[in-house]
Amino acid sequence: MNSLEAQFEARIAAEDKIEPKDWMPDHYRKTLIRQISQHAHSEIVGMLPEGNWITRAPSLRRKAVLLAKVQDEAGHGLYLYSAAETLGADRDTLINDLHSGKAKYSSIFNYPTLTWADMGAIGWLVDGAAIMNQVPLCRTSYGPYARAMVRVCKEESFHQRQGYEIMLTLCRGSAEQKAMAQDALNRWWAPSLMMFGPKDADSPNTEQSMRWKIKRFSNDELRQKFVDATVPQAEYLGLTIPDPDLKWNEEKMGYDFGELNWEEFYNIVSGNGPCNRQRIQARKKAYDEGKWVREAAMAHAEKMKTRKESQAA
Ligand code: BYC
């Protein structure tokens with residue numbers, strides 16, 4: 001280990017934040033660019049399943065809240081792309097990688113949103129899983145990522161509550177509404193658990209990322225925490241978790257739960273899930289239609305720069 005590496009490791013051990021201009025190992029930089037850009041892509045692809053219901057929200061209040069949530073996700077994408085840029089990543093390259101299918105984004109957004117109850121289940125479960133994963137990332141070792149996560153998590157907790165409130169309203173409503181909530185839970189439960197990533201034994205990146213404090217908990221640890229926190233919430237709603245193997249384990253003071261369908265997970269991650277193609281197509285269309293906005297913004301920035309230069313001269 002050379003002295004730069006030794007200094008870097010010492011700073012990680014001392015819980016210092018690594019900042020953009022600091023020396024860092026190439027692999028640390030690459031791991032962060034990978035994780036942060038996948039996270040950014042997940043946020044902007046994550047706008048699509050819920051965006052699908054904005055025009056069909058059952059009331060003006062529900063519509064305004066859903067709109068705000070989807071806009072928050074666009075904002076999260078922007079902070080995260082900016083954080084990736086501080087590591088030297090080029091935004092156009094990142095976006096091209098998303099469009100070409102080279103870059104990954106969260107598996108969860110490749111499932112369809114079939115009913116209004118899915119807006120409840122996504123807020124409750126998907127944002128709930130996101131919070132479980134992202135609160136520890138507020139302490140991640142890379143400064144710009146950690147700081148972006150603080151705001152993201154505040155907004156995610158509002159998202160989780162709005163989802164749970166939709167579920168609660170449906171569960172206190174008619175028998176049909178409660179059945180709709182149960183159906184959404186049935187479809188979103190296992191995919192939400194898969195959001196945490198492969199089992200630790202099959203996760204190539206966890207060990208090194210935890211050593212560098214990029215990740216603070218392993219995939220399985222976070223999945224377990226999520227199950228333990230969410231089961232009582234389902235009980236309060238009067239809903240049944242769709243897992244016959246779910247059982248309280250007194251010894252570990254947590255729930256045991258059934259094996260997930262990892263074949264389905266890897267199929268989705270490799271681009272062959274129910275909505276992968278549709279999601280990428282929608283992102284490309286939005287990108288093409290936004291070309292004039294990007295051009296206008298760049299032209300404005302250029303004009304401002306020229307004005308400043310001529311004032312300084
Ligand atoms: N889906 O070694 P592993 C949100 C990939 S946004 C797809 O465990 P790592 C929200 C993984 O990338 C949710 N791919 O990897 C937005 C790796 O691929 P490569 C996104 C997955 O990075 C809108 C390979 O599998 N959250 O919450 O140590 C509305 C091996 O895995 C998935 C984040 O991105 C998956 N589920 O750990 C509502 C949070 N899981 O590149 C909500 C930040 C794994 O090696 N990211 N892969 O080929 C992380 O914490 C970590 O990157 C992960 C994976 C826990 C996701």
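Both ligands and their constituent atoms are indexed starting at 1 by order of listing. Only heavy atoms go into these numbers, but all of them, side chains included; no hydrogens, no water, no symmetry mates. Sequential numbering from 1 along the given sequence is applied to the chain's residues.
- Within the 4.0 Å heavy-atom criterion, the part of K215 lying near ligand 1 is the side chain and not the backbone.
- Backbone and side-chain nitrogen or oxygen atoms of K69 are examined, and none is located within less than 3.5 angstrom of a nitrogen or oxygen of ligand 1.
- Among all non-hydrogen protein atoms, the one lying nearest atom 7 (C) of ligand 1 is Y105 O, 3.2 Å.
- Using a 4.0 Å cut-off between charged side-chain N and carboxylate O, K199 and E259 make a salt bridge.
- Atom 27 (O) of ligand 1 has as its closest protein heavy atom A130 CB, 2.9 Å.
- With respect to the salt-bridge test (charged N to carboxylate O, under 4.0 angstrom), the residues R151 and E155 qualify.
- Contact annotation for K104 and ligand 1: only side-chain heavy atoms (C-beta onward) come within less than 4.0 Å of the ligand.
- Which of P198, P49, S37 comes nearest to atom 31 (O) of ligand 1 through a heavy atom is settled by distance: it is P198.
- Looking at R62 and E165, a side-chain N of the basic residue comes within less than 4.0 Å of a carboxylate O on the acidic one, giving a salt bridge.
- Just one residue in the list N267, N276, I268 forms a side-chain contact (heavy atoms from CB on, under 4.5 Å) with S107, and that residue is I268.
- Without hydrogens or angle criteria, K17 side chain to T140 main chain gives a donor-acceptor distance under 3.5 Å.
- Protein heavy atom closest to atom 40 (N) of ligand 1, with residue, atom name and distance, is G197 CA, 3.2 Å.
- With a heavy-atom cut-off of 4.0 Å, I268 does not touch ligand 1 at all.
- Taking a cutoff of 4.0 Å between a charged side-chain nitrogen and a carboxylate oxygen, D183 and R187 qualify as a salt bridge.
- In this structure, the side chain of D127 does not engage the main chain of A130 through any donor-acceptor pair within 3.5 Å.
- Q278 contributes no side-chain N or O that, together with a main-chain N or O of C275, makes up a donor-acceptor pair within less than 3.5 Å.
- Ligand 1 has no N or O atom lying under 3.5 Å from any N or O atom of E73, backbone or side chain.
- With a 6.0 Å cutoff to the six-membered ring centre and a 45° limit on the axis angle, R294 counts as a cation-pi contact of Y287.
- Salt-bridge check for E15 with R139: failed, with every basic side-chain N at 4.0 Å or more from each acidic carboxylate O.
- Counting only heavy atoms of the protein, atom 30 (C) of ligand 1 lies nearest to P204 CD, 3.7 Å.
- Ligand 1 has a nitrogen or oxygen under 3.5 angstrom from a nitrogen or oxygen of N219.
- In summary, D220 and R223 engage in a salt bridge, as defined by a charged side-chain N under 4.0 Å from a carboxylate O.
- In V269, the part holding a heavy atom less than 4.0 Å from any atom of ligand 1 is the side chain.
- Ion pairing of E19 with R147 is present here, as a side-chain N (NZ or NE/NH1/NH2) and a carboxylate O approach within less than 4.0 Å.
- The protein atom (non-hydrogen) at minimum distance from atom 6 (S) of ligand 1 is S42 CB, 3.5 Å.
- Any N or O atom pair closer than 3.5 Å counts here, and D127 shares no such pair with ligand 1.
- Heavy atoms of H159 come nearer than 4.0 angstrom to ligand 1 in no pair at all.
- Looking only at heavy atoms of the protein, atom 21 (C) of ligand 1 is closest to F265 CZ, 4.0 Å.
- Note: an N/O pair closer than 3.5 Å links N205 and ligand 1 by distance alone.
- For atom 12 (O) of ligand 1, the nearest non-hydrogen atom of the protein is Q38 OE1, 2.6 Å.
- For atom 53 (C) of ligand 1, no protein heavy-atom neighbour is found at a distance under 4.0 Å.
- Heavy atoms of Y145 found under 4.0 angstrom from ligand 1 belong exclusively to the side chain.
- Using a 4.0 Å cut-off between heavy atoms, F109 contacts ligand 1 through its side chain alone, with no backbone atom that close.
- Every atom of ligand 1 is numbered from 1 in the order shown, and the set under 4.0 Å from a heavy atom of S107 is 1 (N), 7 (C), 35 (C), 36 (N).
- For the residues H39, E156, E155, the heavy atom positioned nearest atom 26 (N) of ligand 1 is part of H39.
- Checked by atom type and distance alone, the side chain of E50 never pairs as donor or acceptor with a backbone atom of D118 at under 3.5 Å.
- Only the backbone of F196 comes within contact range of ligand 1, with a heavy atom under 4.0 Å; no side-chain atom does.
- Ligand 1 lies out of reach of F217, whose nearest heavy atom is not under 4.0 Å from it.
- The side-chain heavy atoms of Y145 and T86, taken from C-beta on, include no pair separated by under 4.5 Å.
- For ligand 1, the polar-atom distance check against M195 finds a nitrogen or oxygen pair separated by under 3.5 Å.
- Under a 4.0 Å criterion applied to the non-hydrogen atoms of M194, ligand 1 contributes the atoms 36 (N).
- Some N or O of R34 is nearer than 3.5 Å to an N or O of ligand 1, by distance alone.
- Between S203 and ligand 1, an N or O atom pair is found at a separation short of 3.5 Å.
- For ligand 1, the polar-atom distance check finds no N/O of E43 at less than 3.5 Å from any of the ligand's N/O atoms.
- Side-chain contact between Q233 and Y236 is absent, with no heavy-atom pair separated by less than 4.5 Å.
- Between the side chain of Q208 and the backbone N or O of N205 there is no donor-acceptor pair closer than 3.5 Å.
- Every atom of ligand 1 with a heavy atom of N133 under 4.0 Å away is listed here by number and element: 39 (C), 43 (C), 49 (C), 50 (O), 55 (C).
- Side chain of N219 to backbone of P198: a donor-acceptor contact under 3.5 angstrom is found.
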